[in-house]
Amino acid sequence: GAVVSQHPSWVICKSGTSVKIECRSLDFQATTMFWYRQFPKQSLMLMATSNEGSKATYEQGVEKDKFLINHASLTLSTLTVTSAHPEDSSFYICSAKLLRTSGRRDEQFFGPGTRLTVL
Amino acid sequence: GQNIDQPTEMTATEGAIVQINCTYQTSGFNGLFWYQQHAGEAPTFLSYNVLDGLEEKGRFSSFLSRSKGYSYLLLKELQMKDSASYLCAVRAFTGGGNKLTFGTGTQLKVEL
């Protein structure tokens, strides 16, 4: 259980285009999903917290108009990179929070990631 | 904010034991996670500590001292497939809920 999928797994696009990445919780409902970005040989940096039915909360320094997040249902959140540029090339990983009543309360499960390359 | 430190790289021999340390400074501490990440893949959960002490899970163990802001991940009977990056992540409660912050990761190389 607690599987999170991402689509696409990799994408190459031209500079100036927009790219949409989907994150789905396959066997549980996730009221909260998180979007991370990871540059080569660096750790995961939280970009934003996505809450179902409400606006996302962005971390400091992340442009909300460039990285559009929509959490339309309890199993789907999308990240759209608008007007992508080469510096947006990165590994984007989502995670979904599973609410537990005991143990690892509020544990996050990670998707397999999406490799974005902007030419 | 939070500050999480762990060594950048470590090398160990197959069959040996290795300890990866992590120190942190945070307010609202609400648990510490260790994840394994192979290149180009998402992190996978290894261990979780919220109380002081040692948690053992097969070849992997993790220790936490909240008063010292210190944790370590212990890997026994190292195998070549254990070569990966190991991420220490601290969960803290902020005004908006729990937030997970990752360290920069320790790249472990297991050699013959």
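Small disclaimer: the values here were computed from a predicted structure and weren't measured. Below, chain A is the first sequence line, B the second, and so on; all start at residue 1.
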Could you walk me through whether A:E59 and B:K99 pass the salt bridge (charged side-chain N to carboxylate O under 4.0 Å, His left out) check? CA-CA 11 Å; A:E59 294 301 300; B:K99 184 182 292 186; 3.0 Å; yes
Distance-minimising heavy-atom pair for A:G113 and B:A42: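 Closest approach of A:G113 to B:A42: N-CB, 4.4 Å.
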For a quick test of reading the model, state the closest non-hydrogen atom pair linking B:L100 to A:F110 and the distance between them.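 Heavy-atom minimum between the residues: CD2-CZ, 4.3 Å.
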Just verifying a value: how many Å separate [X] [atom1] and [Y] [atom2], rounded to the nearest 0.5 Å?
X      : Y      : atom1 : atom2 : result
A:K41  : B:T104 : NZ    : OG1   : 13.0 Å
B:F102 : A:Q42  : CZ    : CD    : 14.5 Å
A:I93  : B:Q37  : CD1   : CD    : 5.0 Å

Taking a hydrophobic cluster as the set of Ile, Leu, Val, Met, Phe, Trp and Tyr residues connected by side-chain heavy atoms closer than 4.5 Å, whether directly or through intermediates, do [X] and [Y] fall within one such cluster?
X     : Y     : value
A:F34 : A:L76 : no
B:M10 : B:L73 : yes
B:W34 : B:F63 : no
A:L68 : A:V19 : no
B:L78 : B:Y72 : no

Atom NE2 of A:H7 with >12 non-hydrogen neighbours under 6.0 angstrom: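 No.
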Among the listed options B:A89, B:S85, B:P43, B:G105, the residue most often paired with chain A at heavy-atom distances under 4.5 Å: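 Highest number of heavy-atom pairs under 4.5 Å: B:P43.
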If you count heavy-atom pairs under 4.5 Å with chain B, which of A:P112, A:S43, A:S9 comes out on top?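 The option with the most such pairs is A:S43.
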Chain B contact via A:Q38 - which portion, at a heavy-atom distance below 4.5 Å: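 For A:Q38, the side chain is the part near chain B, not the backbone.
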Measuring only between side-chain heavy atoms, which start at C-beta, is B:L87 closer than 4.5 Å to A:L44?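 Yes, their side chains come closer than 4.5 Å.
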